[in-house]
2 protein chains.
Amino acid sequence: MKRIGIKDVAAAAGVSATTVSHILNDVEGKRINVETRATVLRVARELGYRPNSLARGLRTSRTYTVGFVSDEIATTPHAGQIIRGAQDAGTEHGLLLLMLNTGGNPELERKAIALLLQHGVDGILYASMYHRVVQVPQQLRSVPTVLVDASADDPTVPSIVPDEEQGGLTATRELLEHGHRRIGFVTNIDDIPATRGRLAGYRAALAGGGIGFDPALVVADRSDAPGGYRAARTLLSSAHRPTALFCFNDRMAMGAYRAAAELGLTVPTDLSVIGFDNQELISENLHPALTTVALPHYDMGARAIARLQAVIDTSETTTGPAPQEVLRCPLVARDSVAPPPRS
Amino acid sequence: MKRIGIKDVAAAAGVSATTVSHILNDVEGKRINVETRATVLRVARELGYRPNSLARGLRTSRTYTVGFVSDEIATTPHAGQIIRGAQDAGTEHGLLLLMLNTGGNPELERKAIALLLQHGVDGILYASMYHRVVQVPQQLRSVPTVLVDASADDPTVPSIVPDEEQGGLTATRELLEHGHRRIGFVTNIDDIPATRGRLAGYRAALAGGGIGFDPALVVADRSDAPGGYRAARTLLSSAHRPTALFCFNDRMAMGAYRAAAELGLTVPTDLSVIGFDNQELISENLHPALTTVALPHYDMGARAIARLQAVIDTSETTTGPAPQEVLRCPLVARDSVAPPPRS
DNA sequence: CCAGCCTGCCAAATCGTTTGGGCACCTTGG
DNA sequence: CCAAGGTGCCCAAACGATTTGGCAGGCTGG
């Protein structure tokens, strides 16, 4: 049961392979009799003709595949969302994703990219599993590339990143709008865009609410549950304790929940908590369910493909500036935010 | 800056393309002068020659790509581990993964598989995101296929699944070995292999420990944190309450933690808890960290590729029986299991 | 009636590789 | 000196599509 090719269609329709190709591809400037066209289309459908992508790719050097290289696909469910977004968007353009993760090993990364190029990918998505600044490998200069959840050291490479500052602002404002005036920020100690951006958003929101920034309300620790626990304990044990906590991420919020419980504080009546990242495994399963800010992973994947497609289509006319695309982080309201207790 | 091909190498080495091909592929039964061979290899390296996979695939109908189709890549980090396992194993064989997730939509699935076939994949991994029985699409009959985390309705299709029963047994035995005699099972209500298998393992372990099975110690609810909370509350409120809980998964264990806290029970001194799945986002961030049983996702991915490769290599001699491969679920000991309290 | 134009189709080259079938030359034994 | 047998390499035909450049034949206008 050999796969049927363009020749089989041609024979069955009584025309040449050339004509079949013209018809199936709607080639411009070729005149085709309307009947012939109908016949060929019918025969092709009846025979279940599928073009051989390899042959086509060989001839046209367009394979409709995109490489997806990432440093860490491992633990985080975020990865999945980016992939899903990229895939869904890719499907619309008829693109397939060729996945390769490098575990952050530069040697592996070189080989991976070489392999992708060898397979003739039309472009490459270079994804980081958390928002950071990366150095773009030299090999990627020769092929359309878009960075996902990463900024380039070189501004000519387009990239898609989340708007950390807007996210921090959204989270803080949510607390302000519930009437909180004294809001603690449980932040993390790594110097990454997320840390800086969310803090900036926090400050901006306070300023917008006419509240002075109090450094004592910002405590940094490791970005996991124990870190969040420690930081939250510190904040909640202070003399004039905050009525709400904005946590750098959901894991830290999980720690904050425990700190609150230990201190006899009930969320959200005694203490409001808001997280970041929307790790559903945590935010949905905590009690009460955690209000948080979502990272737009799905959208980042989708936008990245759209962007890549644009670059591919206009590859000749390499335009100069490649603005970085910044995506909104939406609020996901659940049950951990309430007005502050009357005191 | 055109890509350099076999012809360029041939020209630079002063031989024909045929000879270059023979040398680079170590073709058997072809006599090549040892010097010529050295020269060609050197030139190829110097020029940085990379074979064009499309052309090669066209000629040999081996593309060194495999399709990875899954129903849901979404929320679960499990997915990532399967992919990572498949990828790492694939890299060893020079295989690339072509990803496509169908969201469980059969229509999409048909198209996805057709697309993969069109791109000439050498085989397909059909992955489910939780262990279940699937019906194998007709189209997959014509191409080497391996099921991952899924059993086939048709036993001739090879599949890789976790050993749920052994996992349940391991978890329960871990509690037994710490001296627990009265062990509650917080299970789930869905009728899937995991539910049946883990229960069987639980019963087997009890039997092995010379303990009678008490139906009152098994409570089923939804497989999330609230479900776990309710089930655990029921069990812990009973007259003669268990000293340990085996939870169907980590989410339910998370709920059990809350139930214990509300009842004034400390984990693990008053109550031991063991989970299942090793969702690190939960198990590592709970306090105390959750002892659990891991699903061998990484290994399933890796074994699946190995298996697929075997099928591909022996595709001619389609052997009859395709045994289902069952992988061990290892214990991941953390801090939630201790000897029972003296009472 | 003929030049010229349009319509509708096709032949052949091409993409980069693999592969079956030689072909030229050299050596060796008779 | 010649036939036979090796050795080392190459020619040309695939693989399945796209694409360039025609080529017939019918129609139109003069």
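Chain identifiers are assigned alphabetically (A, B, ...) following the order of the sequence lines, protein sequences preceding nucleic acid strands; residue numbering begins at 1 within each chain. Quick caveat, the model's predicted, so the values are computed rather than measured.
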Global bending angle along the helix from C:dC1-D:dG30 to C:dG30-D:dC1, which compares the axes of five pairs at either end, to 10 degrees: 70°
message: Does A:R50 reach a base, just sugar-phosphate, or nothing at all? Heavy atoms under 4.0 Å.
response: sugar-phosphate
query: For A:E109, which residues count as a salt bridge (Lys or Arg N to Asp or Glu O under 4.0 Å) partner, sequence neighbours excluded?
result: none
task: In whole angstrom, give the distance that lies between atom CG of A:N52 and atom P of D:dA14.
output: 17 Å
- prompt: To the nearest angstrom, how far is B:Q118 atom CD from D:dA17 atom P?
  reply: 10 Å
- prompt: Which residues, if any, of residues 15-24 of chain A bring a heavy atom under 4.0 Å of DNA chain D?
  reply: A:T18, A:S21, A:H22
- prompt: Along DNA chain C, 5' to 3', what are the outermost nucleotides having an atom less than 4.0 Å from a heavy atom of chain A?
  reply: C:dT7 to C:dG16
Donor + acceptor pair across side chains of A:Q81, A:R84 (<3.5 Å): yes
Under 3.5 Å, which N/O atoms of the protein pair with N/O atoms of nucleotides 24-26 of chain D?
none

- request: If a pair satisfies salt bridge (Lys or Arg N to Asp or Glu O under 4.0 Å) and one of its residues is in residues 128-157 of chain B, list it, with sequence neighbours excluded.
  value: B:D71-B:R132, B:R141-B:D154
statement: Interatomic distance, CG@A:L100 vs CG@B:D88, rounded to 0.5 Å, equals 9.5 Å
- prompt: So B:F68 and B:I83, side chain to side chain contact (heavy atoms under 4.5 Å, CB included) or not? Walk me through it.
  reply: CA-CA 8 Å; B:F68 185 98; B:I83 294 172; 3.9 Å; yes
- prompt: Is the backbone of B:I113 close enough, under 3.5 Å, to the side chain of B:Q139 for a donor and an acceptor to pair up by distance?
  reply: no
message: For residues 40-53 of chain A, which residue pairs pass the salt bridge (Lys or Arg N to Asp or Glu O under 4.0 Å) check, not counting sequence neighbours?
response: A:R42-A:E46
query: Among all residues two or more places apart in sequence or in another chain, which pass the salt bridge (Lys or Arg N to Asp or Glu O under 4.0 Å) test with A:R110?
result: A:E107
query: Does anything in residues 56-67 of chain B pair up under salt bridge (Lys or Arg N to Asp or Glu O under 4.0 Å), and if so which pairs, sequence neighbours excluded?
result: B:R62-B:D122
- request: Could you identify which residues of residues 25-42 of chain B place a heavy atom less than 4.0 Å from some atom of DNA chain D, listed by residue number, or say none?
  value: B:R31, B:I32, B:N33, B:T36
- request: Would you check if the side chain of B:T102 reaches a backbone N or O of B:L108 as a donor-acceptor pair within less than 3.5 Å?
  value: no
Gap between atoms CD1 and P, on A:I6 and D:dC15 respectively (whole Å): 15 Å
task: Can you run down the side chain to side chain donor-acceptor pair (under 3.5 Å) pairs that involve residues 31-41 of chain A, sequence neighbours left out, and say none if there aren't any?
output: A:D26-A:R37
field: Under 3.5 Å: donor-acceptor pair, side chain of B:Q309, backbone of B:H93
entry: no
Identify each donor-acceptor pair in which a side-chain atom of residues 8-21 of chain A lies under 3.5 Å from a protein atom, sequence neighbours left out, and give them as a table.
from	atom 1	to	atom 2	distance (Å)
A:D8	OD2	A:G5	N	2.6
A:S16	OG	A:T18	N	3.3
A:S16	OG	A:T19	N	3.2
A:S16	OG	A:T19	OG1	3.3
A:S21	OG	A:N25	ND2	3.3

field: Gap between atoms OH and C1', on A:Y64 and D:dA17 respectively (whole Å)
entry: 13 Å
statement: Rounded to whole Å, CZ of B:R56 lies from C1' of D:dA14 at a distance of 17 Å
task: Look at the side chain of A:T63 and the backbone N and O of A:G120, then say whether any donor-acceptor pair between them is shorter than 3.5 Å.
output: yes
- prompt: Backbone N or O of B:L117 within a donor-acceptor pair of the A:R3 side chain at under 3.5 Å?
  reply: yes
task: Go through the steps to decide whether A:H119 and A:T65 satisfy the test side chain to side chain contact (heavy atoms under 4.5 Å, CB included), and finish with yes or no.
output: CA-CA 9 Å; A:H119 277 263; A:T65 55; over 6 Å; no
- prompt: Can you tell me how far P of D:dA17 sits from CZ of A:R59, to the nearest Å?
  reply: 14 Å
